Amino acid sequence: AAPPGLFISTPEPFHSLRSHPSAEGELLFVGGEGHKTGQGGDTVARYQRLEAWAREHFAVRSVVYRWSTQDNRTFDRVPYIGLAAHDAKHVYLATGFGGWGMTNGTAAGRLLSDLILGRENEAAAVYDPSRFKLGSAPRLIKENINVAAHFIGDRLTGADAKSLSPGKGDIVDTGQGKVAMYKDEDGVVHAFSPTCPHMGCLVDWNPAEKSWDCPCHGSRFSMDGAVIHGPALKGLAPISKPG
Ligand code: FES
């Protein structure tokens, strides 16, 4: 039976459980298969493993919903809550909750109201968005870009527009450059520059969500190249005639 309450395991691979009553019967939320955005590999296989784990432990009748969420994390995994910058007088932010939005959102509400009203709050320094020294940010960006550069080599599968099956996407080397290519269910090819407009990393195809995902800072783009998740503000640049 579905367990009463919310549970999370600590050993890898981690799973989380939460039951929820509904008009059609008890729903069980099963979480797991976490990975960095754009670095999940075969995301269809991830859903299959998650379902197999659920069926192994519970009397599953059917899988009614499935989705992927993105949890933003900071360097030290403590959220940023406070003034957006030391010289920002009236701009506050609260982000980087790492999936713990119920508790951190509540903490953010208390802390931000204290800051706005000029009241002492001993947690202010812990959550201060400006707590990192200049210099650590460029290092993180560089490390992430290195990861992306490594991954592109693994992602070139030798596919071309003809070998792509309908409903599939891939990074294709056309001989004149790399192209992010998606073939829709009618066989029409949609081609884009694989370069993320945020800071130039190379996107990866997510087969389960049918989206282009950036491994550097988590931007995501629809199969039509439109931006669906920041920090990128623009979509992938279309290529009218892939080679
Ligand atoms: Fe930053 Fe893509 S380069 S999200």
Side-chain angles (χ1 to χ4, degrees), residues 33-44 46 67-81 84-85 88 91 93-101 104 129-157 159 164 168-174 176-182 189-240 242:
E33 290 293 332
H35 57 85
K36 277 184 144 186
T37 303
Q39 298 179 25
D42 186 346
T43 46
V44 173
R46 287 181 177 277
W67 68 91
S68 295
T69 61
Q70 284 174 274
D71 299 327
N72 295 322
R73 287 183 181 152
T74 65
F75 277 133
D76 58 0
R77 303 206 167 186
V78 176
Y80 295 144
I81 305 170
V91 181
L93 62 82
T95 188
F97 292 172
W100 295 91
N104 284 318
S130 305
R131 64 185 176 272
F132 292 109
K133 305 245 178 308
L134 276 176
S136 37
R139 199 178 67 238
L140 179 71
I141 291 164
K142 191 160 154 261
E143 279 167 11
N144 274 331
I145 287 173
N146 287 347
V147 168
H150 170 72
F151 268 66
I152 189 67
D154 304 339
R155 279 185 266 148
L156 286 174
T157 56
L164 264 187
K168 296 265 163 47
D170 213 334
I171 303 286
V172 173
D173 192 348
T174 61
Q176 285 141 24
K178 296 176 182 85
V179 174
M181 217 177 259
Y182 167 69
V189 170
H190 304 259
F192 307 93
S193 161
T195 304
C196 175
H198 176 230
M199 289 185 76
C201 291
L202 294 161
V203 295
D204 193 21
W205 176 246
N206 180 337
E209 309 293 332
K210 292 197 189 309
S211 62
W212 296 104
D213 298 352
C214 181
C216 283
H217 317 107
S219 290
R220 296 183 60 205
F221 308 87
S222 69
M223 49 198 156
D224 300 328
V227 62
I228 52 176
H229 197 286
L233 299 173
K234 288 190 299 188
L236 299 174
I239 294 174
S240 49

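Whatever order the structure lists ligands and atoms in, that order sets their numbers, starting from 1. In this text the structure is predicted, and so the values were computed from the model without any measurement.
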Tell me which N, O or S atom of His198 sits nearest to atom 1 (Fe) of ligand 1.
->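 It is ND1, the N, O or S atom of His198 closest to atom 1 (Fe) of ligand 1.
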Looking only at heavy atoms, what is the nearest atom pair of Gly38 and Asp204, with distance?
->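 It is O-OD2, 3.4 Å.
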So, for Leu236 and Pro197, which heavy atoms are closest and what is the spacing to 0.1 Å?
->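 Shortest heavy-atom contact: CD2-CD, 4.0 Å.
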What is the closest protein heavy atom to atom 4 (S) of ligand 1, and at what distance does it sit?
->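 Among all protein heavy atoms, the one nearest atom 4 (S) of ligand 1 is Ser219 OG, 3.1 Å.
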Could you check atom 3 (S) of ligand 1 against the protein and tell me its nearest heavy-atom contact, residue, atom and distance included?
->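 For atom 3 (S) of ligand 1, the nearest protein heavy atom is Met199 N, 3.3 Å.
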Please confirm if an N, O or S atom belonging to Cys216, backbone or side chain, lies less than 2.8 Å from atom 2 (Fe) of ligand 1.
->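 So Cys216 does not count as coordinating atom 2 (Fe) of ligand 1.
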Please confirm if an N, O or S atom belonging to Cys214, backbone or side chain, lies less than 2.8 Å from atom 2 (Fe) of ligand 1.
->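 Checking Cys214: at least one N, O or S atom is under 2.8 Å.
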Near-ring test Trp205/Tyr182, centroid separation under 6.0 angstrom |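 Centroid separation for Tyr182 and Trp205: below 6.0 Å.
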What atoms of ligand 1 come within less than 4.0 Å of a heavy atom belonging to Cys201?
->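 This gives 3 (S) as the contact atoms.
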Verify the distance criterion only: is there a donor paired with an acceptor across the side chains of Asp76 and Thr74 at less than 3.5 Å?
->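 Distance-only check passes for Asp76 and Thr74.
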State whether His217 contributes an N/O/S atom found under 2.8 Å from atom 1 (Fe) of ligand 1.
->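 Here the distance criterion (N, O or S atom, under 2.8 Å) is met by His217, so yes.
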Measuring from Lys168:NZ to Met223:CE, what's the distance to the nearest 0.5 Å?
->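 Answer rounded to 0.5 Å: 13.5 Å.
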Spacing of Asp213 atom CG and His35 atom NE2 [to the nearest 0.5 Å] =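 Output value for this atom pair is 8.0 Å.
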